[in-house]
Novice: 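Provided herewith is a single structure, encoded as structure tokens, for subsequent inquiry.
Everything numeric in this text was worked out from a predicted model, so none of it was measured. Residue numbering restarts at 1 for every chain, and letters A, B, ... go by the order of the sequence lines.
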Amino acid sequence: MPRYNPKEVEPKWRAAWEQADVFRAENGGGKPKYYVLEMFPYPSGRLHVGHARNYTMGDVVARFKRARGFNVLHPMGWDAFGLPAENAAAERGVDPSEWTHANIDAMRGELKRLGLSIDWSRELATCDPGYYGKQQAWFLKLWKKGLVYRKEGLVNWDPVDMTVLANEQVIDGRGWRSDAPVERRKLNQWFLRITDYADELLDWLQKLDRWPDKVKLMQENWIGKSKGLRLDFRFADPSFAGEAVAGFENGVSVYTTRPDTLYGASFVALAPDHPLTEALAASDPKVAAFVEECRKGGTSEAAIETAEKLGFDTGLRVTHPFDPDWQLPVWVANFILMDYGTGAIFGCPAHDQRDLDFARKYGLPVKPVVLPPDADPATFEVGTEAYVGPGRIYNSGFLDGLEVEAAKAAAIGRIEAQGQGEGATVYRLRDWGIARQRGWGCPIPLVHCETCGLVAVPESELPVALPQGMDFSRPGNALARHPTWKHTTCPGCGGPAERETDTLDTFVDSAWYFARYTDAQAAEPIDKAAADYWLPVDQYVGGIEHAVLHLLYARFVTKALRDEGLVSADEPFAGLFTQGMVTHETYRRQNGEWVDPSAVEIAAEGASRRARLKDTGEPLTIGDIEKMSKSKRNVVAPADMADTYGVDAARLCVLSDSPPERDVQWTAAGVEGAWRLVNRVWAEFDDPPAGDSAWDAQELRRATHKAVKAVTDAIEGWRFNSAIARLHEFVRVVSAARAPAGDAASAEARREALSALARLVAPFAPHLAEECWARLGEAGLVAASAWPAYDPALAQDDERVLPVQINGKRRGEIRVGAGASEGEVEKIVLDDPEIARRLEGLSIRRVIVVKDRIVNIVAA
RNA sequence: GCCCCAGUGGCGAAAUGGUAGACGCGGCAGACUCAAAAUCUGUUGGCCGCAAGGCCGUGUUGGUUCGAGUCCGACCUGGGGCACCA
């Protein structure tokens, strides 16, 4: 029997799919639609097994849904702007566009080789003017609506990539790509008003019932809604306020979530970059010097953790809102953030740890006003730990005796009645900084004119395309230093003007591509009818690392575009699956250079393992297990596996063993098992030698229907590892039922089994399935065939083996018909001689029968 | 510090509160082979026992239940998110 030969079989079927155009999705038709999408890749040039796993998962679903009668959209494209192209240009002098497109060609070839059921007619690349020009078009709509604005402010500056980063792109104080400590810089920066949508982004999370709770929770925390009180502390000396702090006639506005603790107030504190601080600093060099000192502190995690609380008493005094005779000092403090709340707080040291640290350092009063349950008001004191738990308010005038929540409401009510503030909602979410000082990105389609100011480029002149011949040999923005590109005329007055040279964050590119797929050639950015047909994406697949980046931005952009009438969908992704990462050990030479796993030889030495370079035997350091990345060189290519065992074995391998959501440490061990499965399946179709054992046609039919049910359920539940396990079991049953018994029933049962097997295998190993299908003599392609149905009656046994427990310990088993009633089962159990023997000397208290499951006898 | 999630054989892992370890990898034994590889068959949680069988066993510990890997409490370990957010 010749073995299955994937090298011949696989290309043949890929050609057949292409010729039949089976994966093209129509924008309409009678079938229900199903849009399945995996996060599009950055075209690095090489596919790694992480990609293969991700795209195979989506493909299993796409093929399954197609077989279940859905009109499936499963497109692919390229997240093609970004720094690696600039780096390649800097290092090798290549054009970033050419470099990117060469990578796209290489990766497209690798993806096609995986046998993915993709509608390639909708392919797009974000770096093509045909795509980013449409992006500029909708960007201008948002600009005109006021959702885009420009503001000078402190921004996150990545000194290595030499660009601004959004808050979401700063991880532990470091750039998400460069890993360099981020600096704070004051720059003119572009923002999208994502905060306008904070409430909707939060509220709709509850409706995303097919999203992982974890991702929803992360977004909820990121949005960080808090409810409290905004309140004005009036100046105790209005004349002082009048001269030095014009514009602060109402005093100092603070935000608090603990208005119940107002009677515990000890000071008011301003952020170092608060406007009032700046006004004071202008006339008082001591304030200016203090502000300068605060600036020096880094923003890195370590710097913040070790940072000491620093404060400066401005000499200003404010009056307590509930007691005109009570004055509080106004400090400037380094731990107050300008971009949260109002940039100013009132400090209640007894019930806030930071305020307590500050108060202890500067000798400010600490007055407890929340009495913990069971504490004695006469003796309760706050030492070095603030009390933040529940309790009853005391030392607090009209709030005395109230519980915390009631006191909050009462305090807010009083402040509102006094006209000194109001209940307020504050978000942690900040507006999205979208401009990058990079040449390889989507140009912002605005023009700076001396007379007209900022002017939008007319839609008829879009796309504002990148120029040829940018110089990437030096660091910085290659677009800005292009000799001619930025010089233009003002669309408003016709005078000389300069183009904006910042480009858009690549997360803008990826925030709407799923909508563009619905009609990738549309003249409008989004064809409304096509988008309304397909959106939302029914099943989105991608890494958890985008929980608050891409997934939040895409939700926001969808809502913003909806409000512009471009789409009707409220949310982009109805279902989300976050697949696990594929990780691998890292290896380093003595000189620190990373080494590719394919060049490494591992030897076990006792309990430990040792790595050497295959060629020279040079000992290597085994590093951490990390996500596959080019920089660490711990990348394994699926092509290596596919070369030896074929694509189908590779596909099975990446889905076997581990559940899809879990991270996996890569080992090639599983591929042998996958390869065996491929051959075992094939052996059943390729004129198998007759078996010699007798088998029962009805048993085979049962096994078939059980397998169909089990595989169907497993795919629907995203338990691909279990689905493959069921395939293993089913193949074994089929192979034990080979001998054609001669009777029609057996022949039919075997044929039914093989027909089901080919179709059950198809989502996982599509080439193999086609070959089997053809060998069965079926017309057409499995890829275009219906999913096998099962008969629920046949998918279960008509006889059950029930374990019998005595006092919870398994003591025997009985055979009963399926669905046997409690009474019947009880009788059979008690008549069983073995059970009776076990029960000798015991009296039966209770017999619990769980239908078709188990019997438990409670006896003593 | 706060908030999540996870701990099951040598390994990857299964298991609507109902026979723990399906399936795969690896190991062991056997078949085929001059031999090896590949393939196939059997076996494989631990302890006791010739066997029949028994006892123990899902991070630790307590609880709920006829019955707990699964539910609840506390703890330990690992992973992730947030973090001077008032």
Novice: Nearest whole Å is fine: how far is B:G79 C1' from A:E661 CD?
Specialist: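 Those two atoms, CD and C1', are 15 Å apart.
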
Novice: NA contact type, A:V858, heavy-atom cut-off 4.0 Å: base, sugar-phosphate, or nothing?
Specialist: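 It contacts sugar-phosphate atoms only.
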
Novice: Looking at B:G18, I'd like to know if its phosphate oxygens (OP1 or OP2) sit under 4.0 Å from a side-chain N or O belonging to A:R810.
Specialist: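 So the side chain of A:R810 is outside the cut-off, no N or O lying under 4.0 Å from OP1 or OP2 of B:G18.
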
Novice: When both hydrogen-bonding distances must be under 3.5 Å and the geometry is Watson-Crick or G-U wobble, what is B:G42 paired with, if anything?
Specialist: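 Because both required distances fall under 3.5 Å, B:G42 counts as paired with B:C28.
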
Novice: When rounded to the nearest Å, what value does the distance between P atoms of B:G54 and B:G21 take?
Specialist: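 Rounded to whole Å, the distance is 16 Å.
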
Novice: Do you know the tightest heavy-atom contact between A:I412 and A:P259?
Specialist: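 In terms of heavy atoms, the two residues are closest at CG1-CG, 3.9 Å.
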
Novice: Of all the nucleotides listed (B:A86, B:G18, B:C84), which has the minimum atom distance to the side chain of A:T257?
Specialist: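 Nearest listed nucleotide: B:A86.
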
Novice: Between A:R726 and B:A22, does any side-chain N or O lie under 4.0 Å from OP1 or OP2?
Specialist: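 Answer is no, no contact under 4.0 Å.
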
Novice: Does B:G67 have a Watson-Crick or wobble partner in any strand here, with both distances under 3.5 angstrom, and which is it?
Specialist: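 By the stated definition (distances under 3.5 Å), nothing pairs with B:G67.
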
Novice: Does B:A86 have OP1 or OP2 under 4.0 Å away from a side-chain N or O of A:Y255?
Specialist: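 No.
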
Novice: Report yes or no: is the cationic atom of A:K309 (NZ for Lys, CZ for Arg) under 6.0 Å from the centre of the six-membered ring of A:F335, at an angle within 45° of the ring normal?
Specialist: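 The answer is yes, since A:K309 meets both limits relative to A:F335.
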
Novice: Identify the heavy atoms of A:L727 and A:F764 that sit nearest to each other, and give their distance.
Specialist: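 Nearest pair, atom of A:L727 first, then A:F764: CD1-CD1, 3.9 Å.
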
Novice: Report which part of the nucleic acid A:R719 touches: base, sugar-phosphate, or nothing (heavy-atom distance under 4.0 Å, all strands).
Specialist: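 Sugar-phosphate: the residue A:R719, judged by heavy atoms under 4.0 Å, touches backbone atoms but no base.
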
Novice: Taking syn as within 90° of 0 and anti otherwise, name the glycosidic form of B:G9.
Specialist: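 The base of B:G9 is oriented syn (glycosidic angle within 90° of 0).
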
Novice: Can you see if the side chain of A:R680 gets near the phosphate of B:C40 - specifically, an N or O under 4.0 Å from OP1 or OP2?
Specialist: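 Yes.
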
Novice: By the 4.0 Å heavy-atom rule, please label A:T342 as base, sugar-phosphate, or nothing.
Specialist: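 A:T342: no heavy atom of the nucleic acid under 4.0 Å.
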
Novice: A:G224 near the nucleic acid: base, sugar-phosphate alone, or nothing, with a heavy-atom cut-off under 4.0 Å?
Specialist: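 A:G224: no heavy atom of the nucleic acid under 4.0 Å.
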
Novice: With a cut-off of less than 4.0 Å, is there a side-chain N or O of A:R428 near OP1 or OP2 of B:A86?
Specialist: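 No, outside the criterion.
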
Novice: Just N and O in the side chain of A:N721: are any of them under 4.0 Å from OP1 or OP2 of B:A14?
Specialist: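 Yes, such a contact exists.
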
Novice: Return the nucleotide paired to B:G21: Watson-Crick means purine N1 to pyrimidine N3 with N6-O4 or O6-N4, wobble means G-U with N1-O2 and O6-N3, both under 3.5 Å.
Specialist: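 Pair assignment: B:G21 / none.
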
Novice: Give a yes/no answer on whether the side chain of A:K216 brings an N or O atom under 4.0 Å of OP1 or OP2 in B:C5.
Specialist: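 No, no such contact exists.
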
Novice: Would you say that more than 12 heavy atoms from the other residues, nucleotides or ligands in this model lie under 6.0 Å from the CG of A:D713, or not?
Specialist: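 More than 12 within 6.0 Å, yes.
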
Novice: Base, sugar-phosphate, or nothing: which does A:S656 touch, judged by heavy atoms less than 4.0 Å apart?
Specialist: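 Nothing, no heavy atom under 4.0 Å.
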
Novice: Respond yes when some side-chain nitrogen or oxygen of A:R846 is under 4.0 Å from OP1 or OP2 of B:G67, and no when none is.
Specialist: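 So the side chain of A:R846 is outside the cut-off, no N or O lying under 4.0 Å from OP1 or OP2 of B:G67.
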
Novice: Within the structure shown, what part of the strands sits under 4.0 Å from A:N856 by heavy-atom distance: base, sugar-phosphate, or nothing?
Specialist: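 Base contact - A:N856 has a heavy atom under 4.0 Å of at least one base atom.
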
Novice: Any base atoms under 4.0 Å from A:K225, or only sugar-phosphate, or nothing? Heavy atoms, all strands.
Specialist: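 Counting heavy atoms under 4.0 Å across all strands, no contact is made by A:K225.
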
Novice: What is the ring orientation for A:W675 with A:Y4, classed by angle as parallel under 30°, tilted 30 to 60°, or perpendicular over 60°?
Specialist: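 Geometry flag for A:Y4 against A:W675: tilted rings.
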
Novice: Would you say a side-chain N or O of A:S722 is under 4.0 Å from OP1 or OP2 of B:C23?
Specialist: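 A:S722 to B:C23 OP1/OP2: no side-chain N or O under 4.0 Å.
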
Novice: Rounded to whole Å, how long is the line connecting atom CD1 of A:I345 with atom P of B:C85?
Specialist: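 It is 10 Å, rounded to the nearest whole Å.
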
Novice: Students often get this wrong, so: under 4.0 angstrom with heavy atoms, is A:L217 touching a base, only sugar-phosphate, or nothing?
Specialist: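 If one applies the 4.0 Å heavy-atom cut-off, A:L217 turns out to touch the sugar-phosphate alone, with no base involved.
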
Novice: Distance check needed: B:A15 P versus A:I854 CD1, whole Å only.
Specialist: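 Distance check: A:I854 CD1 to B:A15 P gives 18 Å.
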
Novice: B:U19, B:A22, B:C85: which one has an atom nearest the side-chain heavy atoms of A:P803?
Specialist: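 The closest nucleotide is B:U19.
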
Novice: Which of the following nucleotides, B:A14, B:G54, B:G12, is nearest to the side chain of A:R811?
Specialist: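 From the listed options, B:G54 comes nearest.
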
Novice: Is a side-chain donor-acceptor pair under 3.5 Å present for A:R230 with A:S253?
Specialist: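 There is such a pair (donor and acceptor under 3.5 Å, judged by atom type) between the side chains of A:S253 and A:R230.
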
Novice: Which part of the nucleic acid does A:R800 contact within heavy-atom distance under 4.0 Å: base, sugar-phosphate only, or nothing?
Specialist: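 The answer is nothing, as A:R800 stays clear of every strand by at least 4.0 Å.
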
Novice: Whether the side chain of A:R430 and the base of B:C85 hold a donor-acceptor pair under 3.5 Å is what I'd like checked.
Specialist: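 Yes, a donor-acceptor pair under 3.5 Å.
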
Novice: For B:G78, what is the paired nucleotide under Watson-Crick or G-U wobble rules, both distances under 3.5 Å?
Specialist: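 Base-paired to B:C5.
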
